[in-house]
Amino acid sequence: MSSYTSICLAERPKDQIVPGKTFKAQQQPIPDASTLKDGEVLFQTLYLSLDPAMRGWLNDTRSYLPPVKIGEVMRGAAIGLVLASKSSSFPKGTYASGTVGWTEYAVVKDKVLQKLDLPNGAVPTDALSVLGMTGLTAYFGILDVGQVKKGDFVVVSGAAGATGSVVGQIAKIKGATVLGLAGGDDKVKWLKEELGFDNALNYKDPAFVKKFREATKGLIDVYFDNVGGDILDMALARAKPFARFVMCGAISQYNKAKPQGPKNYPMIISMRIRMQGFIVLDYEKEYPEARKQLAQWLSEGKLKRKETIVKGGLTNAEQSLVDLYNGVNTGKLLVEVAKPEDVKAKL
């Protein structure tokens, strides 16, 4: 009988994820289609989403989701193909997405899956990026929490990532002026030349602090934070009175045993800043409407996206997650678990 690989949490990291130690691979027989119960499907993963939030899921602390348990398959969203089905909603050969985890195969309930309903110009992997949770996070974060409006000056940290790149483009659609912060000259070029950001800065540039002060002379209306740390403090120093700070992520702090909080917090008081965290799961009832709008912008060419796809299978997921925190990706970071054409050919 053929076997498949899944990747489980072996031990909780104290700071950095350690490849070969934090996670472990395990082999299991591929489930037989005859064992499926009503409402179940046999799902084969094609692409796995890697997201900054994953590091937080490894900590045994109170959060918006329970931590991944030791020995449990690592949590993660994926798109894949239904190989066998006992569900009328997902017949054999259907493409679907869902939080299936780090696994090559899984028997899953149909209620945890979503069909890939893609607009013109979309590709299947968009269901994990611009039309998936990262796109939805950008949408609700900048529109509902950030309350972006025409004429605002918006600064986005982590602007070349899956969420930040969409945030900046939505802000532009709404008539804002946008400054993106990213870690590399190639990313800065992409933000300005392809995505239409008004300006972008490389935070690794030795002159970044000076350039940031010059670029924010008019002061900030909305700051969308994916990074935390020193850049958050710099943004607080340049906030307008009643600025809106959208606290989406803190990727610079996720791998630290003792995360650094904002040193510049008195500015929150003196400038009457509204600093609000949010979780995209809070907006679940509004997903259909948001996806419809994101899909329209995508098909109209108003939203552009980029993917960094790691080839070579599921065993690359662990190192790729480490690389995510080191800024290896432009746009969405995905692992190709299986080649779609190879899986389709077996049906």
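Residues S49 and K332 bring a donor and an acceptor atom of their side chains to less than 3.5 Å of each other. If you check the side chains of S157 and N226, you find no donor sitting under 3.5 Å from an acceptor. Side-chain atoms of N316 and E336 include no donor-acceptor pair closer than 3.5 Å. A donor-acceptor contact closer than 3.5 angstrom links the side chains of W57 and Y64. Donor-acceptor pairing under 3.5 Å is lacking for the side chains of N255 and D15. Residues R274 and Q276 bring a donor and an acceptor atom of their side chains to less than 3.5 Å of each other. For the 3.5 Å distance criterion, the side chains of S87 and D110 qualify, holding a donor opposite an acceptor. Side-chain contact check for N59 and T61: no donor-acceptor pair (N or O, by modelled atom type) lies under 3.5 Å. Checked by atom type, the side-chain pair E104/T45 shows no donor-acceptor distance below 3.5 Å.
Put simply, the residue from Q147, R244, K174, K240 that forms a side chain to side chain donor-acceptor pair (under 3.5 Å) with D152 is R244.
Atom CD of E300 is surrounded by more than 12 heavy atoms from other residues, nucleotides or ligands within 6.0 Å. Environment of CG in N120: sparse, with no more than 12 heavy atoms of neighbouring residues, nucleotides or ligands closer than 6.0 Å. Residue E341 qualifies as enclosed at atom CD: its count of foreign heavy atoms under 6.0 Å is above 12. For K24, the NZ atom counts as loosely surrounded, since its 6.0 Å shell holds 12 or fewer non-hydrogen atoms of other residues, nucleotides or ligands.
T177 places none of its side-chain heavy atoms less than 4.5 Å from the side chain of V154. Residues L334 and L50 fail the side-chain proximity criterion, which asks for heavy atoms closer than 4.5 Å. Considering only heavy atoms from C-beta on, M54 stays 4.5 Å or farther from R75 through its side chain. Contact check for S6 versus Q28: side-chain heavy atoms found under the 4.5 Å cut-off. Between R305 and Q169 there is no side-chain heavy-atom pair separated by less than 4.5 Å. Using a 4.5 Å heavy-atom threshold, the side chains of V188 and L201 count as separate.
In terms of heavy-atom proximity, L131 sits nearest to A122 at CD1-CB, 4.4 Å. The nearest pair of heavy atoms linking L303 to L298 is O-CD1, 3.4 Å. Here the closest non-hydrogen pair linking L324 and V328 is N-CG1, 4.0 Å. Taking both residues in full, the closest heavy atoms of L236 and P262 are given as CD1-CB, 3.9 Å, listed atom of the first, atom of the second, then distance. Across L48 and L128, no two heavy atoms sit closer than the pair C-CD1, 4.3 Å. The two residues A33 and A84 come nearest to each other via the heavy atoms CB-CB, 3.5 Å.
Put simply, the side chain of E40 never gets that close to the backbone of K109: no donor and acceptor are under 3.5 Å apart. Using modelled atom types, no side-chain atom of D221 and backbone atom of A243 make a donor-acceptor pair closer than 3.5 Å. Side-chain N or O atoms of R272 include one that pairs as donor or acceptor with a backbone N or O of S270 at under 3.5 Å. At least one donor-acceptor pair closer than 3.5 Å links the side chain of R12 to the backbone N or O of L58.
Listed by chain and number, the residues in a side chain to side chain contact (heavy atoms under 4.5 Å, CB included) with P19 are E318, Q319, V322 (sequence neighbours excluded).
In this structure, F140 and Y283 have parallel ring planes: the angle between them is below the 30° cut-off, well short of the 60° mark. W297 and Y139 have tilted rings, their planes meeting at an angle from 30° to 60° on a 0 to 90° scale.
Clustering of Ile, Leu, Val, Met, Phe, Trp and Tyr by side-chain heavy atoms under 4.5 Å joins V112 with V41, F43, V82, F90, V100, V108, L113.
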Practice prompt. I would like to know whether L143 and I170 meet side-chain contact (heavy atoms from CB on, under 4.5 Å); could you show each step before the answer?
Written response: CA-CA 8 Å; L143 295 178; I170 294 175; 3.9 Å; yes

Discussion item. Go through it in stages, so that I can follow the logic: the residues are L136 and R291, the test is side-chain contact (heavy atoms from CB on, under 4.5 Å), and I'd like the CA-CA distance, side-chain angles, deciding distance and then a yes or no.
Written reply: CA-CA 7 Å; L136 292 168; R291 280 199 174 102; 3.7 Å; yes

Discussion item. Applying side-chain contact (heavy atoms from CB on, under 4.5 Å) to V227 and Y203, what does each step give before you reach the verdict?
Written reply: CA-CA 11 Å; V227 172; Y203 70 80; over 6 Å; no

Item to complete: Step by step, work out the side-chain contact (heavy atoms from CB on, under 4.5 Å) result for I231 and Y223.
Response: CA-CA 11 Å; I231 294 176; Y223 179 63; 3.4 Å; yes

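Sorted by first and then second residue, the pairs that involve residues 97-136 and meet ring-ring contact (aromatic ring centres under 6.0 Å, His included), not counting sequence neighbours, are Y4-Y105, F23-W102.
A cation-pi contact, defined as under 6.0 Å to the ring centre and within 45° of the axis, is absent between R55 and Y254.
Interatomic distance, K86 NZ to K92 NZ, rounded to the nearest 0.5 Å: 14.5 Å.
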